[in-house]
Amino acid sequence: LESTRAAAETIISQTSRLDILFNNAGIALTPPALTKDGYESQFGINHLGHAMLTQLLLPLMLQTAATAPLKSVRIINISSSAHGRTVPDGLALDEVKTDMSTRHTGVRYGQSKVANILFAKKLALLYPSGFVATEINTGKGGVSWWLNLLIKNAVRWVGLTVEDGTKNQLWAGVAPEVESGKYYDPIGVVKEGSNWVRDETKRE
């Protein structure tokens with residue numbers, strides 16, 4: 001989170017406006033580990049870093065929105081269909097200050113993706129004004145060699161190229177028909193998502 005704060009300070013010092021924020025940092029299928037702040041690594045990097053960066057940049061984005069065209073200032077949180085495979089209750093917030101080593105790496109990743117979607121939905125309420133073949137899907141170090149191979153081949157057949165995968169993000173960033181707080185599959189297809197991301201109690 002120290003590096004997240006430093007990044008926000010750098011952005012704020014270098015510009016007087018911010019129209020679009022893509023929250024797209026991430027790791028997946030990693031061995032159990034903690035961030036420097038003591039959070040389960042996938043949850044800390046994939047969600048908490050994004051949440052903190054967004055909160056630190058919100059004043060700049062609200063300032064931009066005051067003079068920008070309606071609904072043109074946007075925050076895009078990148079999630080994954082993997083949010084459907086998570087801990088039994090959707091989120092295990094009582095465990096995120098541990099390495100969650102008793103949970104499968106894919107389940108830990110899924111939890112972080114549930115958090116991404118719930119965060120986006122909450123932001124949409126507070127401020128009403130994909131599956132991509134990148135390194136995140138190669139499973140470095142977190143699973144066995146045969147599962148790595150399976151994942152790589154699955155990405156090749158059902159995943160998108162990086163170029164095609166980014167189209168959904170770019171569409172969400174600029175298309176006039178985008179609806180706030182929605183979960184979109186490539187390209188621009190609204191999906192309901194899992195039961196966990198439709199749970200208002202979990203969102204809060």
Side-chain angles (χ1 to χ4, degrees), residues 22-35 37-54 75-124 130-160 162 165 168-169 172 181-186 189-204:
F22 289 96
N23 285 321
N24 193 25
I27 60 171
L29 305 179
T30 57
L34 295 173
T35 65
D37 303 284
Y39 291 95
E40 189 279 316
S41 61
Q42 294 184 83
F43 189 81
I45 293 168
N46 298 354
H47 173 64
L48 291 179
H50 292 159
M52 183 179 188
L53 182 65
T54 299
I75 298 167
I76 295 91
N77 291 328
I78 310 305
S79 189
S80 165
S81 59
H83 77 272
R85 182 187 183 203
T86 183
V87 295
D89 198 36
L91 288 173
L93 297 181
D94 57 331
E95 296 181 39
V96 297
K97 289 285 278 185
T98 73
D99 66 8
M100 296 181 68
S101 59
T102 61
R103 306 281 191 180
H104 187 275
T105 181
V107 169
R108 298 193 309 270
Y109 177 72
Q111 175 179 242
S112 73
K113 298 292 102 181
V114 167
N116 290 157
I117 298 172
L118 291 173
F119 182 55
K121 289 178 177 286
K122 183 62 178 182
L123 283 172
F131 188 65
V132 182
T134 64
E135 282 299 299
I136 199 166
N137 293 316
T138 62
K140 292 182 176 177
V143 292
S144 61
W145 68 268
W146 61 267
L147 187 53
N148 270 334
L149 184 63
L150 179 65
I151 290 167
K152 288 177 182 178
N153 285 323
V155 165
R156 185 176 304 147
W157 292 108
V158 303
L160 302 174
V162 174
N168 200 49
Q169 298 176 40
K182 297 289 186 182
Y183 175 64
Y184 288 100
D185 266 4
V189 179
V190 176
K191 295 288 186 178
E192 288 297 317
S194 70
N195 291 335
W196 309 124
V197 300
R198 299 196 300 271
D199 187 321
E200 293 183 9
T201 303
K202 288 193 183 349
R203 183 187 67 208
E204 294 306 312

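Count residues from 1 along the sequence.
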- request: With rounding to the nearest 0.5 Å, note down the distance linking OG1 in Thr54 to CD1 in Ile75.
  value: 5.0 Å
query: When rounded to the nearest 0.5 angstrom, what is the spacing between CD1 in Ile117 and CD1 in Ile78?
result: 11.0 Å
- request: Report yes or no: does Thr105 contribute a side-chain atom to a donor-acceptor pair with the main-chain N or O of Thr30 at less than 3.5 Å?
  value: yes
task: May I have the step-by-step check of side chain to side chain contact (heavy atoms under 4.5 Å, CB included) for Leu53 and Asn23, ending in yes or no?
output: CA-CA 9 Å; Leu53 182 65; Asn23 285 321; 4.1 Å; yes
query: Quick one: does Glu40's side chain have a donor or acceptor within less than 3.5 Å of a partner on Pro32's backbone?
result: no
task: Keeping the roles fixed (side chain from Asn46, backbone from Tyr109), state whether a donor-acceptor pair exists under 3.5 Å.
output: no
query: Hey, does the side chain of Gln42 reach the backbone of Ser112 with a donor-acceptor pair shorter than 3.5 angstrom?
result: no
query: Hey, is the main chain of Ser41 close enough, under 3.5 Å, to the side chain of Arg108 for a donor-acceptor pair?
result: no
statement: Closest non-hydrogen atoms of Gly26 and Ile45, given as atom of the first, atom of the second and distance, are CA-CG2, 4.4 Å
- prompt: Quick one: are Glu95 and Arg103 in side-chain contact, heavy atoms under 4.5 Å?
  reply: yes
query: How long is the span from the NE2 atom in His47 to the CG atom in Leu118, to the nearest 0.5 Å?
result: 8.5 Å
query: Checking Asp37 side chain against Tyr39 main chain: does a donor-acceptor pair fall under 3.5 Å?
result: no
